[in-house]
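All chains are named by letter (A, B, ...) in the order of the sequence lines, taking the proteins before the strands, and each is independently numbered beginning at 1.
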There are 2 protein chains.
Amino acid sequence: MTSKVYVETLQQIHRIIQEDGLVAGDKIPSERELSERLKVGRSSVREALRALEFLGIIETRRGEGTYMKEFGEHQLIDLLGTFILQEEKAKTDLVETKVLLEQLCLQLACKRRSQTKLDELKKMIRQKTINYERFLKWVTEAGENYLLERIWRVLNDFFTSNYDAISLPITFYENMGHAFETQDISAILDLFTEHVVMPLSKQP
Amino acid sequence: MTSKVYVETLQQIHRIIQEDGLVAGDKIPSERELSERLKVGRSSVREALRALEFLGIIETRRGEGTYMKEFGEHQLIDLLGTFILQEEKAKTDLVETKVLLEQLCLQLACKRRSQTKLDELKKMIRQKTINYERFLKWVTEAGENYLLERIWRVLNDFFTSNYDAISLPITFYENMGHAFETQDISAILDLFTEHVVMPLSKQP
DNA sequence: AAACAAGACTGGTCTGACCACCTAATGTTT
DNA sequence: AAACATTAGGTGGTCAGACCAGTCTTGTTT
């Protein structure tokens, strides 16, 4: 045979999922049942399922079964990230890309921030529970682009594990809060440049 | 046990790849050797390798061995496409993020394009061998941010496997070429908005 | 009715056995 | 010596069966 069993099994499982109209949360047949129905070894079924699991399409729960998963928490980005960012020379790229993505998210958030989302931010500022980490989390969420949010989160994870945490005065957040309220994009970007980008470019 | 063997095995394999400094084209230890070294069953090794294979990080050749693979195209795209991109929100996020990243790359390329790199572009335009795919490849390269280039490439692979190729008149590239020569960033972004962003926002 | 216990699932893992395939060493012929 | 054919060992691909470790169902006991 030219084709590999676990590849065909993967396609068959996909077919079953489609024909049965399975959606997130639904249970898919057990490994042993799939093995029988598709007339392949259980190990081949498992190898196919493993691919689907790491792609974030299914979720396996020991003792319970295998379930369809909501698109979102796929480790795709994480895994790719760990493999891509292993090169040392990528660090300057990392910092630059992170900043660029943050500027992107700032613009999206400025445009799309809802009133309730804005209140969240103002509350964090008022109670002084805000820090740079939380602020950026809010920004990426308010941008309402989940994919971009995920990509940023990976970069941020690598950043925080290689650099010191960024600490900014409360006035920075207060000014940001005001700028988001009035949706003043240039004020937002200016604040960001002054307090985040410029200090970074001085560091090693 | 809390963690699953094939997950830990995956991390161990990653560690080996890093410590041995393996790059694209290099051979990684055989399944049986990994099984011995890591003291896990061969089936667990295979399940871990399967994940890496579908992520396009390795390539298995029957009878030869398993090799590191150049990051890029693979079935990952088709798989995720058929399984995931059915959800509308994910699609809009994908398109939006791709466009945003491209605008980022355009700005970087405008600033950093070297003379030799510029000549490459002009040559492609003169010989009319240019198309949108090649143009964007040039842009991301000229931006000289390898990380950003790779992230974009992933999104672009998703995109091209789910949407029709973008076809633009030669005048677009000629104008772009001129704008890059004079490093006129606003002209570049205007061209991009008019020919790429606007048509996309009209599509479903 | 509530609490408990046994059994029947399910996924997780390992082992050992083949098969198909490739490569390189070996031997044979020219 | 060079070209060819053969062979042996290594590699991924696949299967079957066994056992473990959790979860859920069911039926009995209290």
Side-chain angles (χ1 to χ4, degrees), chain A residues 1-17 20 22 24-70 73-75 79, chain B residues 1-17 20 22 24-70 74-76 79:
Chain A
M1 282 302 117
T2 62
S3 51
K4 302 172 185 179
V5 172
Y6 65 78
V7 171
E8 284 183 359
T9 302
L10 187 51
Q11 297 165 344
Q12 290 299 312
I13 293 176
H14 183 207
R15 186 182 55 74
I16 289 176
I17 290 175
D20 295 1
L22 301 183
D26 290 347
K27 184 174 183 177
I28 75 180
S30 73
E31 297 177 353
R32 289 171 176 85
E33 183 182 339
L34 286 172
S35 174
E36 279 191 20
R37 275 171 65 175
L38 304 178
K39 274 153 183 69
V40 297
R42 197 182 147 208
S43 56
S44 293
V45 171
R46 281 186 63 82
E47 290 190 30
L49 290 178
R50 217 47 50 214
L52 293 183
E53 181 180 4
F54 277 92
L55 258 34
I57 293 160
I58 62 171
E59 176 184 15
T60 57
R61 295 204 282 268
R62 187 202 208 94
E64 293 182 59
T66 305
Y67 297 83
M68 295 293 295
K69 193 174 170 184
E70 196 70 60
E73 300 90 51
H74 59 77
Q75 325 170 35
L79 256 184
Chain B
M1 285 302 122
T2 64
S3 51
K4 303 172 184 178
V5 172
Y6 63 77
V7 172
E8 282 182 1
T9 301
L10 183 52
Q11 297 165 344
Q12 289 299 313
I13 293 176
H14 182 204
R15 185 183 55 77
I16 289 177
I17 290 175
D20 295 2
L22 301 183
D26 289 347
K27 184 174 183 177
I28 75 178
S30 74
E31 298 178 353
R32 289 171 176 84
E33 183 182 339
L34 286 172
S35 175
E36 278 191 21
R37 274 170 66 173
L38 303 178
K39 275 154 182 64
V40 298
R42 194 180 150 211
S43 55
S44 294
V45 171
R46 281 186 61 83
E47 290 189 30
L49 290 179
R50 217 46 52 212
L52 292 184
E53 181 180 5
F54 278 93
L55 256 35
I57 293 163
I58 62 170
E59 177 185 13
T60 58
R61 296 204 281 267
R62 188 201 209 95
E64 292 184 61
T66 306
Y67 297 83
M68 295 294 294
K69 191 176 170 185
E70 193 63 62
H74 203 28
Q75 23 194 331
L76 157 72
L79 266 181

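Counting to the nearest Å, the P atom of D:dT11 and the CZ atom of B:Arg46 are 14 Å from each other. Rounded to whole Å, atom P of D:dT14 lies 14 Å from atom CD of A:Gln12. To the nearest angstrom, C1' of D:dA21 lies 5 Å from CZ of A:Arg62. Distance CD (B:Glu47) to P (C:dT13): 7 Å, rounded to an integer number of Å. In this structure, CZ of A:Arg61 is placed 13 Å from C1' of D:dG22, rounded to the nearest angstrom. Rounded to an integer number of Å, the gap from B:Lys39 NZ to C:dT13 C1' is 17 Å. Protein atom OH of B:Tyr67 is 15 Å distant from nucleotide atom P of D:dG10, rounded to whole Å. In this entry the distance linking CZ of B:Arg50 with C1' of C:dG12 reads 17 Å, nearest Å.
The side chain of A:Val5 lies closest to D:dT14 when the candidates are C:dC14, D:dT14, C:dG11. When distances run from any side-chain atom of B:Thr60 to the nucleotides C:dC14, C:dG11, D:dG12, the shortest one goes to D:dG12.
In this model, the phosphate group of D:dG13 is not approached by any side-chain N or O of A:Ser43 to a distance below 4.0 Å at OP1 or OP2. Taking only side-chain nitrogens and oxygens, B:Thr66 never comes nearer than 4.0 Å to OP1 or OP2 of D:dT11. Side-chain nitrogen and oxygen atoms of A:Tyr6 include at least one within less than 4.0 Å of the OP1 or OP2 phosphate oxygen of D:dG13. OP1 and OP2 of D:dA16 both lie 4.0 Å or more from every side-chain N or O belonging to A:Arg42.
Listed by chain and residue number, A:Arg61 satisfy the salt bridge (charged side-chain N to carboxylate O under 4.0 Å, His left out) test with A:Glu59 (two or more places apart in sequence, or in another chain).
Using a cutoff of 4.0 Å between basic side-chain nitrogens and carboxylate oxygens, A:Glu36 and A:Arg42 are not scored as salt-bridged. Using a 4.0 Å cut-off between a side-chain N of Lys or Arg and a carboxylate O of Asp or Glu, B:Arg50 and B:Glu47 do not qualify as a salt bridge.
Around CD of B:Glu33, the count of heavy atoms belonging to other residues, nucleotides or ligands within 6.0 Å exceeds 12.
In terms of heavy atoms, A:Ile13 sits closest to A:Ala48 at CD1-CB, 4.1 Å. The two residues A:Pro29 and A:Leu34 have their closest heavy-atom pair at O-CD1, 3.7 Å.
Mapped onto DNA chain D by nearest heavy atom, A:Val45 and A:Glu64 fall at different nucleotides, with A:Val45 at the one closer to the 5' end.
A:Gly41 comes within 4.0 angstrom of the backbone, heavy atoms only, and of no base.
Against DNA chain C, the stretch residues 27-36 of chain B makes heavy-atom approaches under 4.0 Å through B:Arg32.
Shown are A:Thr60, A:Ile57, A:Ile28; of these, the side chain to side chain contact (heavy atoms under 4.5 Å, CB included) with A:Leu49 is made only by A:Ile28.
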